[in-house]
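This report refers to the structure that appears directly beneath it.
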Amino acid sequence: MSAILPPTMRAIEITTPGEPDVLKPAERPTPAAARGEVLVQVLAAGVNRPDCLQRRGRYPVPPGASDIPGLEVAGKIVALGEGVTKWKVGDEVCALLAGGGYATYCNVPAEQCVRIPKGLTMIEAASLPETFFTVWSMVWGRGRLAEGETLLVHGGSSGIGVTAIQMAKALGHTVFVTAGTDEKCRACLDLGADHAINYKTQDYAAEVKRLTGGKGVDVILDMVAGDYVKRDIDALADDGRIVILALLGGWKGEVPFDPILRRRLTITGGTLRPRPVAFKGEIARDLENRIWPLIESGRIRPVIHATFPLDDAAKAHALMESGAHIGKIVLKVG
């Protein structure tokens, strides 16, 4: 079952690994929905740091996924693959992708689609899947953040950061963040963070220990890694967990093992892109049941820094890599 579809679509290609200007508009065949998939007419697509890494040749596309960048979209379902019963043509959804979002159409496993929270625009909806799936999986899955525990988020003004702050606060946790300017620290506090630390002017580990009376925090969401890990250990409470989700500070770092043994600390990490569809489907159901009502009530809100037309994806990447944004960057596709 499908609408009448054009044979080709507009898409953004990575012509060669490199700087943002290697992103170029192109015509591609319109994909089809395979078994268990839906075909989405994309109306908006989120821009994320992994897209920039893929553009530079540092984030390989999983086998079978589209080489077109883009990990999240919002739009309308226009075709159903065999075996899909949850959705129907015309349903409006946002979805997590393994690739292919920077295009006017994309195919996506039906399990990775989520209804759009009531009251949100397509632009706002497209800003949700990648960061919300990731934060839920990393903080509450890998990090096992429990009732009454505290969370430290590095990069509090990033897309991941503004999501983690709001989700943790809405679920009753005390949230600490680091950010690189006083303006970004204020933005994090406005979103609900309890404490914001300018890592360029303060020792965040020492400040966390001071603010917690020497105890430290229970979970740290770290997108930096590198030499941050040693300082993360200093900022952790006993039995604390560090969850690494990116390597912006480098893939090597000095790790002292003595406090890990003595204080029963855990260092873990993960990336969603290669995980099975069924795993992502479980996250989609958790989000729809536990987090989407918090969005619809206004306790969590999308934070959109800027939007760009699809053909200006290079400008969107340049902004992402500048670090000047607070919140999400979204491409207007429809």
Side-chain angles (χ1 to χ4, degrees), residues 128 131-179 185-199 202-224 228-245 259-270 272 282-301 303:
L128 301 180
T131 58
F132 278 73
F133 275 70
T134 297
V135 169
W136 183 258
S137 172
M138 295 298 115
V139 174
W140 282 270
R142 305 298 302 169
R144 309 186 310 280
L145 184 66
E147 185 176 354
E149 290 191 325
T150 52
L151 173 68
L152 168 63
V153 180
H154 290 312
S157 62
S158 67
I160 289 287
V162 300
T163 299
I165 291 168
Q166 294 190 86
M167 286 175 67
K169 286 304 298 179
L171 294 173
H173 299 277
T174 299
V175 179
F176 300 74
V177 302
T178 63
C185 285
R186 286 192 295 271
C188 293
L189 293 172
D190 289 342
L191 287 169
D194 297 278
H195 305 283
I197 302 164
N198 186 333
Y199 65 83
Q202 295 175 290
D203 179 335
Y204 75 79
E207 188 65 6
V208 165
K209 294 299 286 289
R210 183 187 71 80
L211 291 168
T212 58
K215 177 185 175 182
V217 293
D218 298 295
V219 176
I220 298 176
L221 185 62
D222 186 347
M223 62 187 74
V224 183
Y228 263 48
V229 176
K230 184 176 184 296
R231 287 183 281 168
D232 286 349
I233 289 172
D234 292 338
L236 273 183
D238 290 352
D239 297 296
R241 289 84 70 195
I242 300 168
V243 183
I244 299 171
L245 56 77
I260 295 175
L261 294 174
R262 287 188 296 102
R263 298 170 50 212
R264 304 168 304 281
L265 308 181
T266 300
I267 302 175
T268 185
L272 272 181
E282 289 179 9
I283 299 174
R285 290 188 289 274
D286 285 343
L287 291 174
E288 194 161 0
N289 291 331
R290 298 193 59 184
I291 303 301
W292 264 217
L294 298 173
I295 297 174
E296 292 172 344
S297 71
R299 295 179 64 189
I300 298 175
R301 61 182 176 86
V303 180

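All heavy atoms count here, side chains included; hydrogens, waters and symmetry mates do not. Index from 1, following the sequence. Just so you know, these numbers come straight off a predicted model, no measurement behind them.
A salt bridge links Asp194 to Lys169: one of the charged nitrogens lies within less than 4.0 Å of a carboxylate oxygen. Between Glu207 and Arg210, at least one side-chain nitrogen of the basic residue sits less than 4.0 Å from a carboxylate oxygen of the acidic one, meeting the salt-bridge criterion. A salt bridge between Glu149 and Arg241 is present, with a side-chain N of the basic residue lying under 4.0 Å from a carboxylate O of the acidic one.
In terms of heavy atoms, Val175 sits closest to Ala168 at CG2-CB, 3.5 Å. Nearest approach of Pro259 to Ile233, heavy atoms of both residues: CG-CG2, 3.7 Å. When every heavy atom of Gly216 is checked against every heavy atom of Val208, the shortest pair comes out as CA-CG1, 4.3 Å. Smallest separation of non-hydrogen atoms from Ala164 and Val135: CA-CG1, 3.8 Å. Here the shortest heavy-atom pairing between Ile165 and Gly192 reads CG2-C, 4.1 Å. Minimum heavy-atom separation, Cys188 to Val177: CB-CG2, 3.6 Å.
Of the N and O atoms on the side chains of Tyr204 and Asp234, not one donor lies less than 3.5 Å from an acceptor on the other residue. Under 3.5 Å, the side chains of His173 and Asp218 contain no donor-acceptor pair of N or O atoms.
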Review point. Is there a side-chain contact (heavy atoms from CB on, under 4.5 Å) between Met223 and Ile244 once you walk through the steps?
Key: CA-CA 6 Å; Met223 62 187 74; Ile244 299 171; over 6 Å; no

**Study point:** Working for side-chain contact (heavy atoms from CB on, under 4.5 Å), residues Thr150 and Thr212
**Key:** CA-CA 10 Å; Thr150 52; Thr212 58; 5.6 Å; no

Check your understanding: side-chain contact (heavy atoms from CB on, under 4.5 Å) between Val219 and Leu152: does it pass, once the steps are laid out?
Key -> CA-CA 6 Å; Val219 176; Leu152 168 63; over 6 Å; no

Exercise for review: Under the side-chain contact (heavy atoms from CB on, under 4.5 Å) rule, what do Ile242 and Thr266 come out as? Steps first, then yes or no, please.
Suggested key: CA-CA 6 Å; Ile242 300 168; Thr266 300; over 6 Å; no

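Rounded to the nearest 0.5 angstrom, Leu211 CG and His195 NE2 are separated by 5.0 Å. With values rounded to the nearest 0.5 angstrom, Leu191 atom CG is found 5.0 Å from Arg301 atom CZ. Taking CG from Leu221 and CZ from Arg142, the interatomic distance works out to 13.0 Å, rounded to the nearest 0.5 Å. Note that CD1 of Ile220 and CG of Asp232 are 4.0 Å apart. Values are rounded to the nearest 0.5 Å. In this structure, the separation between CG on Leu145 and CG on Leu151 is 5.5 Å, given to the nearest 0.5 Å. Annotation: the span from Ile295 atom CD1 to Ile300 atom CD1 amounts to 5.5 Å, rounded to 0.5 Å.
Without hydrogens or angle criteria, Arg299 side chain to Ala170 main chain gives a donor-acceptor distance under 3.5 Å. The backbone N or O of Thr134 sits nowhere less than 3.5 Å from a side-chain atom of Ser137 that would complete a donor-acceptor pair.
Checked options Leu272, Thr163, Leu287, Thr131; the residue passing with Trp136 is Leu287 (criterion: side chain to side chain contact (heavy atoms under 4.5 Å, CB included)).
In Arg263, the CZ atom is crowded: over 12 heavy atoms of neighbouring residues, nucleotides or ligands sit closer than 6.0 Å.
Residues Val153 and Phe176 fail the side-chain proximity criterion, which asks for heavy atoms closer than 4.5 Å.
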